[in-house]
Structure formats: structure tokens, C-alpha cells
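These figures come from a predicted structure and were not determined experimentally. Along the sequence shown, the residues carry numbers beginning at 1.
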Amino acid sequence: PRSNDLVHLLDRNGIDALRQAERYSEYAPAAGGTFKHQVMVSCITASIELGAKERGWRYIAQHELLARAGSELSIDMDGPLRPDAMFALDMGGKFMVFFLEADRATEPLNTKNVRKSWGRNVAQYRELIGRGLYRKTFTLKAPAVLLNVTIGNTRLDSMTRVVEDAFPGGCAYMLGHACPEFGTYFRPPPVMNLLDVAWQRAGYPPYMIGAN
């Protein structure tokens, strides 16, 4: 329908134009996953970047972090772990690192197979964030959290229970939020306010980004 926004995939000509304008980075997010998944990741990160700008915070993009570390966004955690995105915020001198997983309910919560699942992600992020391995991998000092954005509250509740099973005492650094716009009836939303929402946590009160 003509009322829907149009979203265009960056092709080779666009990449060439960015190179000519010296706006291209080899460390920028690579085109991976389905087109809808890419749009979901872009909407989330762009909304947080624009929201941070409104607050006078500095958004530190993935390519800046990776270029400084000289590292790709792929980590071996008893198997490959590639977050959907990574960025940081300078919130008036308070720094925080964010890893993002955008979930469209296309993968199982748990599986005995080798394929990717949310349960496997939880175990890998427990190593990466919980044990602080990201600090050495990406030469970072700031605390880090995982943002898990999925398509509905039912799915979010199920994913939270997987975290609860892995962390009987609760987990403060795995945050969850539901955005139904990215579900079955996919429609890219306007800029989302993801900085003032209450992100859910297993065994802990909800958390708002930038709160003490």
C-alpha cells in the first residue's frame, strides 16, 4: 500500500558512493540475515542513536569500536557468536556498551542440535559479558549489557524463562523488550523511544537505559 514506508537495501552502487564520500567502513554492519531482520536491526540502532542525540548523549557506533580494537564482530564462545549489532553510549560521562540480538522468533528457544538457539545465546553471553571477556576482545573498560528485542510479549516471557533457568539468582545484564511491529505483519515503525521503556530482566526489576 502507498501508505507504507519504503525501505531500500544498500547495493554495490551505494557502497561505492559511501567510499567516494569517505563515509564507508569495513567495520560497519555487514548485510547478513533476511532483509526484514536487517531492517529490524537498523530501526533499533537508529532509534537509540536518535534518542541519544536528543538527550545530548554520544552514540558510539559499531564501526568506531571495532576499528579501535582491530576486531571483527565475531567471537568464538564454544562456537561462533556474532551479535546483530554492537554500540556504546556516552551518557554525560557514564559509558555503557551494548550488544544487540534482534529476534523474529525464527529460531528455537532451546535445542539439542548444533544450530543456534536462544538458550545457546544465553550461555555464550554469560561468558562474553558475565565473565567480562568482551573487555579483552574489544579493548573496552565500560560495563556491558545485552539488549534482546523480540516480536511480542509471549515470546519475551518464554525467553525470560530460559534466562531464569540459566540464572536461578537472576541476571542483571540481559535486558528484554517486545516490539510487535516486527512480527507477522511486518511494518517498519517510526522512530521508537527505546531509552524510556522498562527493559525486562530475569530476577531483577525492569531497567531503563541511563538509570543508575
Are any of the side-chain heavy atoms of [X] and [Y] separated by less than 4.5 Å?
X: Asp78; Y: Gln124; value: no
X: Leu81; Y: Leu128; value: yes
X: Asp103; Y: Met40; value: no
X: Pro143; Y: Ile129; value: no
X: Leu100; Y: Ile48; value: no

| message | So that I can tick it off, tell me whether Glu26 and Arg19 are bridged by a salt bridge, with the cut-off set at under 4.0 angstrom between side-chain N and carboxylate O. | response | yes
For [X] against [Y], the heavy-atom pair lying closest together:
X: Leu89; Y: Ala52; result: CD2-CB, 3.8 Å
X: Ser47; Y: Cys43; result: OG-O, 2.8 Å
X: Met77; Y: Glu127; result: SD-CB, 3.7 Å
X: Leu73; Y: Met86; result: CD1-SD, 3.7 Å
X: Phe138; Y: Ala69; result: O-CB, 3.5 Å
X: Ala142; Y: Val97; result: CB-CG2, 4.0 Å

Between [X] (side chain) and [Y] (backbone), is there a donor-acceptor pair under 3.5 Å?
X: Arg126; Y: Ala166; result: yes
X: Thr45; Y: Ser42; result: yes
X: Asn148; Y: Gly176; result: no
X: Gln62; Y: Ala85; result: no
X: Arg135; Y: Lys141; result: yes
X: Arg104; Y: His37; result: no

How long is the straight-line distance from [atom2] of [Y] back to [atom1] of [X], given to the nearest 0.5 Å?
X: Leu133; Y: Lys136; atom1: CG; atom2: NZ; answer: 9.0 Å
X: Thr139; Y: Tyr134; atom1: OG1; atom2: OH; answer: 11.5 Å
X: Tyr207; Y: Leu175; atom1: OH; atom2: CG; answer: 7.5 Å
X: Asn121; Y: Leu109; atom1: CG; atom2: CG; answer: 11.0 Å
X: Ile151; Y: Phe186; atom1: CD1; atom2: CZ; answer: 10.5 Å
X: Trp57; Y: Met91; atom1: CH2; atom2: CE; answer: 5.5 Å

Do [X] and [Y] sit in the same hydrophobic cluster, where Ile, Leu, Val, Met, Phe, Trp and Tyr count as joined when their side-chain heavy atoms come under 4.5 Å apart?
X: Ile209; Y: Phe95; result: yes
X: Leu18; Y: Tyr27; result: no
X: Val122; Y: Tyr204; result: no
X: Leu146; Y: Leu140; result: yes
X: Phe99; Y: Leu156; result: no

| task | Measure up the Phe87 and Tyr59 rings against each other and bin them: parallel (under 30°), tilted (30 to 60°), perpendicular (over 60°). | result | parallel
Show the atom names and distances, to 0.1 Å, of all donor-acceptor pairs under 3.5 Å that link a side chain in residues 188-202 to residues at least two apart or in another chain.
unit_1 : atom_1 : unit_2 : atom_2 : d
Asn193 : OD1    : Leu195 : N      : 3.3
Asn193 : OD1    : Asp196 : N      : 3.2
Asn193 : ND2    : Asp196 : OD2    : 2.9
Asp196 : OD1    : Arg55  : NH2    : 3.0
Asp196 : OD2    : Arg55  : NH2    : 2.6
Trp199 : NE1    : Leu194 : O      : 3.0
Gln200 : NE2    : Ala198 : O      : 3.3
Arg201 : NE     : Pro205 : O      : 2.8
Arg201 : NH1    : Ala172 : O      : 3.3
Arg201 : NH2    : Pro205 : O      : 2.9

| task | Starting from the C-alpha separation in whole Å, work towards a yes-or-no answer on side-chain contact (heavy atoms from CB on, under 4.5 Å) for Ser74 and Arg82. | result | CA-CA 5 Å; Ser74 182; Arg82 184 176 179 83; 4.0 Å; yes
| Tyr125 and Glu101: side-chain donor and acceptor closer than 3.5 Å? | yes
| Donor + acceptor pair across side chains of Ser158, Arg161 (<3.5 Å) | yes
Expected list for residues 6-17: side-chain donor-acceptor pairs under 3.5 angstrom, two or more places apart:
unit_1 : atom_1 : unit_2 : atom_2 : d
Asp11  : OD1    : Asn13  : N      : 3.1
Asp11  : OD1    : Gly14  : N      : 3.0

